[in-house]
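Notes for the one structure printed next.
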Amino acid sequence: MNLNDLRMVLEWARDEGWNPGIEDASAFIAADPKGFFLAEVKGDIVAAISVVNHDANNAFLGLFICRREFRGLGFGKALWDEAMLHAGGRSVTLEGVPEQQGNYAKSGFVSVGKTVRYCGIIPGGDVRGQTLSDEGIDRLIKFDEFSNGYPRAAYLSEWFKPTPSRKTIILGTDPDRVAYATFRKCAEGVKVGPFQAFDRDQATALLRSRPFVSGSENTFIDIPEKSKALTDLVVEMQFKPVFETAKMVKGSPAMTQFPPYSAVASLELG
């Protein structure tokens, strides 16, 4: 794909109810410009997938969509097989929707946990955070590498850049306990991620920093099941689960070290 192709595919994702961010395309393709693929049949684009190589050992699969009228004809599987070649010998991670998890297991993927999307209205509060400057991006990329288990510099260098619809908020001065969250406008409401905080006060302040969120607008956050502290916090804030995926890996899972309050950046690229 090129950038315009990816924008089209993100429109497909919106139609599927995945609710991508308004400016996701440029950050996604920056992660690995050769990692986005289309299937074309007699001039019609019928399916899409991404296999993004984050580093020499780890890739992430997402945006696997086949247009409804072309499903069940083998085009999606053929594209899957071709795109997986791009990963080479890397371990590949994905977030699988329930109806596809059996198919992913047949391709050698093993579930290592689940991720739940919560939706709610963020109450008002004192905004204690600061918007991330360009100078702070490298610092957060290093934090993410420690937590996530491998570097994602190309992806996050673009993701953390402030734009009209995406901003990252940071809290704290202790270099070992900096909390941060990225907020991005979506077709519906605002998504939060990545999200990392070390205690309840930090996590609450980050959620309430809400640079784009009005008092009646939905906020969405994708929380791994291991982040029970953050799950408990958003449930107390009256958030409800609306969507669930299985985190699945083909190969060796990365050794993660997330702080107690953590959420993923996106289900498409991790």
Should the ring pair F143 and Y180 be called parallel, tilted or perpendicular, given that the plane angle runs from 0 to 90° and is split at 30 and 60?
-> parallel
query = Does some side-chain heavy atom of K191 sit less than 4.5 Å from a side-chain heavy atom of N19?
reply = yes
Result for side-chain hydrogen bond (donor to acceptor under 3.5 Å, both in side chains) between T115 and one of E95, E244, K247 points to E95
Between R7 and A25, the two heavy atoms sitting closest are CG-CB, 3.6 Å
Which of V52, L61, L63 passes side chain to side chain contact (heavy atoms under 4.5 Å, CB included) with E268? It is L63
Tightest non-hydrogen contact, residues L206 and A197, listed as CD1-CB, 4.2 Å
*asked:* According to a hydrophobic-cluster definition based on side-chain heavy atoms being under 4.5 Å apart (Ile, Leu, Val, Met, Phe, Trp, Tyr only), do F75 and I45 belong together?
replied: no
Hey, does R67 have a side-chain heavy atom less than 4.5 Å from the side chain of W12?
yes
Quiz item: Is a side-chain donor or acceptor of K250 paired with a backbone partner of S107 at a separation under 3.5 angstrom?
Solution: yes
| message | With a 4.5 Å cut-off on side-chain heavy atoms, are M1 and F37 touching? | response | no
Of all heavy-atom pairs linking A187 and R14, the shortest is CB-CD, 3.6 Å
Practice task
Report yes if some heavy atom in the side chain of E82 is under 4.5 Å from a heavy atom in the side chain of I49; otherwise report no.
Solution key: no
Original post:
Is the backbone of P259 close enough, under 3.5 Å, to the side chain of S262 for a donor and an acceptor to pair up by distance?
Top reply: yes
Exercise. Answer yes if the ring centres of W80 and Y104 are under 6.0 angstrom apart, and no otherwise.
Key: yes
dist I65:CD1 -> F70:CZ (nearest 0.5 Å) comes out at 15.0 Å
- prompt: Between the side chain of R184 and the main-chain N/O of D24, is any donor-acceptor distance below 3.5 Å?
  reply: no
**Item:** Under 3.5 Å donor-acceptor, D44 side chain and V46 backbone
**Value:** no
Nearest heavy-atom approach of V264 to P224 is CG1-CG, 4.0 Å
Interatomic distance, OG@S26 vs NZ@K161, rounded to 0.5 Å, equals 9.0 Å
Item to complete: Evaluate the criterion side-chain hydrogen bond (donor to acceptor under 3.5 Å, both in side chains) for residue pair S266 and Y155; output intermediate values, then yes/no.
Response: CA-CA 11 Å; S266 75; Y155 172 32; 3.1 Å; yes
Only one of L233, T219, I169 passes side chain to side chain contact (heavy atoms under 4.5 Å, CB included) with L207, and that residue is L233
| request: Could you tell me whether the side chain of R152 and the main chain of H54 form a donor-acceptor pair under 3.5 Å? | output: no
- If we only count heavy atoms from C-beta on, is the F258 to K226 side-chain gap below 4.5 Å? no
Minimal heavy-atom distance between V112 and P253, with the atoms involved, is CG1-CG, 4.2 Å
For N53 and A87, the nearest pair of non-hydrogen atoms, with its separation, is OD1-CA, 3.5 Å
Margin query: For a 4.5 angstrom cut-off between non-hydrogen side-chain atoms, does P20 reach F28?
Written below: no
Check the side chains of S165 and E23 for a donor-acceptor pair under 3.5 angstrom, ignoring hydrogens and angles.
yes
| request: May I ask you to decide whether K228 forms a salt bridge with D232, counting only side-chain N to carboxylate O separations under 4.0 Å? | output: yes
Practice task
For the pair Q101 (side chain) and G96 (backbone), establish whether a donor and an acceptor sit closer than 3.5 Å, ignoring hydrogens and angles.
Solution key: yes
| task | Flag the pair R90 / N58 as yes when at least one side-chain heavy-atom distance between them is below 4.5 Å, and no otherwise. | result | no
So CZ of F239 and CD1 of I122: to nearest 0.5 Å the spacing works out to 4.5 Å
Could you verify whether a donor N or O on one side chain and an acceptor N or O on the other, from T231 and Y261, lie under 3.5 Å apart? no
> For the side chain of N2 and the backbone of N4, is there at least one donor-acceptor N/O pair under 3.5 Å apart?
Replying inline: yes
To the nearest 0.5 Å, atom CG of L73 lies from atom CZ of R71 at 11.5 Å
Looking only at atom types and distance, does a side-chain atom of S227 sit under 3.5 Å from a main-chain N or O of P260, one as donor and one as acceptor? yes
Any side-chain heavy-atom pair from V178 and L171 closer than 4.5 angstrom? no
Run the side-chain contact (heavy atoms from CB on, under 4.5 Å) check on T93 and M248 step by step: do they pass?
CA-CA 6 Å; T93 303; M248 305 181 75; over 6 Å; no
Margin query: So does I141 get a backbone contact from the side chain of E145, meaning a donor-acceptor N/O pair under 3.5 Å?
Written below: no
Begin with the C-alpha distance, continue with both residues' side-chain angles, and end with the deciding distance and a verdict on side-chain hydrogen bond (donor to acceptor under 3.5 Å, both in side chains) for H86 and D32.
-> CA-CA 11 Å; H86 180 65; D32 181 1; 2.7 Å; yes
